[in-house]
Enquirer: 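One structure, as structure tokens, below. Some questions next.
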Amino acid sequence: MRFIFNGKNISIYDDVKERTEKKLSRLQKLVSDDAEVFIAISKHRHQYKMEVSVPLHKRMLRAEVTAGDINACTDSVADILEKQIRRYKSRLRERSRRNVATAEETSFAQELAHEAQVEAHDSGSDIVIHRTKRFALKPMDATEAIMEMELLNHSFFVFRNAETDDTNVVYKRNDGEYGLIESE
């Protein structure tokens with residue numbers, strides 16, 4: 001594994017790098033040897049924040065922890081990532097992967113994004129879209145979409161429902177439960 005460190009408002013010393021690499025090296029047996037691990041450490045007042053991203057084949061594992069001690073951040077991030085990787089690997093074993101989304105689905109997702117940009121521009125509002133993401137809508141069920149959302153550590157996830165072939169959104173509610181938005 002290759003570790004790439006980035007510090008904000010903090011100098012990352014060799015002892016912090018060594019400890020972090022040692023803790024995260026236990027993931028070596030779960031990911032490929034050529035995997036890159038991106039580690040961003042920042043300090044704000046008396047709190048340290050560590051964000052770690054591990055790009056896998058068609059997936060991104062991510063953990064973010066804030067604590068008063070850099071070592072506590074390192075321990076927590078390693079535990080979170082190990083749990084995510086184990087969950088991801090077991091899910092791969094349990095289910096055979098479905099075919100990659102077709103070009104038609106990709107163009108549909110691009111059309112939706114473009115229409116949203118045009119509507120925002122045409123409405124004359126002061127809303128400015130600073131970032132656009134494009135991705136293929138993968139056929140899956142709601143449970144798999146929730147697991148994908150949790151792996152990415154996001155609060156929502158857009159997917160193509162394998163049963164209805166419609167675009168759906170799963171999201172995490174404030175009470176910790178999950179919601180599903182189905183298109184009509």
Side-chain angles (χ1 to χ4, degrees), residues 1-95 97 127-136 138 140-159 169-181:
M1 287 191 318
R2 195 175 97 181
F3 297 95
I4 301 166
F5 287 88
N6 183 18
K8 181 178 179 184
N9 299 330
I10 186 172
S11 296
I12 304 173
Y13 296 107
D14 289 339
D15 60 331
V16 172
K17 286 183 180 180
E18 287 173 13
R19 186 175 193 290
T20 304
E21 288 177 7
K22 182 179 177 186
K23 272 293 194 184
L24 295 178
S25 67
R26 69 186 196 200
L27 305 175
Q28 179 77 36
K29 60 187 176 210
L30 300 172
V31 298
S32 64
D33 292 336
D34 61 343
E36 291 182 331
V37 179
F38 298 94
I39 304 162
I41 302 173
S42 61
K43 184 177 181 184
H44 182 65
R45 297 187 185 175
H46 301 294
Q47 293 282 19
Y48 293 93
K49 181 177 178 181
M50 183 179 284
E51 299 173 57
V52 179
S53 301
V54 183
L56 296 177
H57 180 69
K58 297 183 183 180
R59 300 284 183 262
M60 174 71 78
L61 298 177
R62 193 173 166 280
E64 180 179 317
V65 175
T66 303
D69 179 31
I70 192 72
N71 294 330
C73 285
T74 304
D75 294 341
S76 296
V77 161
D79 292 341
I80 290 168
L81 285 174
E82 187 170 10
K83 188 162 69 168
Q84 285 181 358
I85 291 173
R86 288 189 190 282
R87 191 179 331 146
Y88 172 69
K89 294 272 185 171
S90 68
R91 192 179 89 221
L92 284 178
R93 276 190 296 270
E94 291 170 6
R95 297 177 181 229
R97 296 303 306 159
I127 298 172
V128 177
I129 297 174
H130 290 278
R131 186 173 180 186
T132 300
K133 288 186 177 182
R134 289 188 171 85
F135 58 93
K138 299 174 185 171
M140 58 180 72
D141 61 19
T143 305
E144 188 175 359
I146 289 171
M147 290 181 359
E148 188 76 25
M149 176 183 69
E150 292 294 328
L151 277 174
L152 294 170
N153 199 22
H154 286 185
S155 57
F156 70 94
F157 187 77
V158 180
F159 68 102
V169 177
V170 290
Y171 62 97
K172 192 163 193 167
R173 297 165 37 96
N174 290 336
D175 61 5
E177 300 292 321
Y178 299 100
L180 173 67
I181 299 174

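As the structure is a computational prediction, the values presented were derived from the model and not from experiment.
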Enquirer: To the nearest 0.5 angstrom, please state how far the CZ atom of Phe3 sits from the CG atom of Leu24.
Expert: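 Phe3 atom CZ to Leu24 atom CG measures 5.5 Å (nearest 0.5 Å).
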Enquirer: Once rounded to the nearest 0.5 Å, what's the spacing between atom OG1 of Thr66 and atom CE of Met50?
Expert: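 Atom-to-atom, Thr66:OG1 and Met50:CE are 10.5 Å apart.
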Enquirer: Can you give me the closest heavy-atom contact between Gly176 and Lys172, atom names plus distance?
Expert: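 That closest heavy-atom pairing would be O-CE, 3.9 Å.
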Enquirer: What heavy-atom pair brings Met149 and Val170 nearest, and what distance separates the two atoms?
Expert: SD-O, 3.9 Å
Enquirer: Which pair of non-hydrogen atoms, one from Gly68 and one from Gln47, has the smallest distance, and what is that distance?
Expert: N-OE1, 3.1 Å
Enquirer: For the atom pair NZ (Lys83) and CG (Leu61), what is the distance rounded to the nearest 0.5 Å?
Expert: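 Reported value, rounded in 0.5 Å steps: 13.0 Å.
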Enquirer: For Arg173, which residues count as a side chain to side chain contact (heavy atoms under 4.5 Å, CB included) partner, sequence neighbours excluded?
Expert: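 Listed in chain order: Tyr171, Asp175, Glu177.
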Enquirer: To the nearest 0.5 Å, how far apart are CG in Asp14 and CD in Glu21?
Expert: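 One finds 9.5 Å between CG of Asp14 and CD of Glu21.
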Enquirer: Assign the ring pair Phe157 / Phe159 to parallel, tilted or perpendicular, where the plane angle (0 to 90°) is split at 30° and 60°.
Expert: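 Phe157 vs Phe159 ring planes: parallel.
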Enquirer: Heavy atoms only: give me the nearest Met1-Val37 pair and the separation to one decimal.
Expert: SD-CG2, 4.0 Å
Enquirer: Less than 4.5 Å apart, any side-chain heavy atom of Arg26 and any of Leu81?
Expert: no
Enquirer: Any side-chain heavy atom of His154 within less than 4.5 Å of one from Phe156?
Expert: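 Side-chain contact under 4.5 Å: no.
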Enquirer: Rounded at 0.5 Å granularity, tell me how far CD1 in Ile10 sits from CD1 in Ile41.
Expert: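 Going from CD1 on Ile10 over to CD1 on Ile41, the span is 6.0 Å.
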Enquirer: Just verifying a value: how many Å separate Tyr48 OH and Thr74 OG1, rounded to the nearest 0.5 Å?
Expert: 11.0 Å
Enquirer: Tell me the closest heavy-atom pair linking Ile4 and Phe38, and the distance in Å.
Expert: CD1-CE2, 3.3 Å
Enquirer: Which atom pair, heavy atoms only, marks the closest approach of Thr20 to Val16?
Expert: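 That closest heavy-atom pairing would be OG1-O, 2.7 Å.
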Enquirer: Can you find a pair of side-chain heavy atoms, one from Lys8 and one from His44, that are under 4.5 Å apart?
Expert: no
Enquirer: My understanding is that only residues two or more places apart in sequence, or in another chain, count here; which of them pass side chain to side chain donor-acceptor pair (under 3.5 Å) with Asp75?
Expert: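 Side chain to side chain donor-acceptor pair (under 3.5 Å) list for Asp75, sorted by chain: Arg19, Lys23.
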Enquirer: Using modelled atom types only, decide if a donor and an acceptor are shared between the side chain of Glu64 and the backbone of Lys49 within a distance under 3.5 Å.
Expert: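 Not confirmed, Glu64 side chain does not pair with Lys49 backbone.
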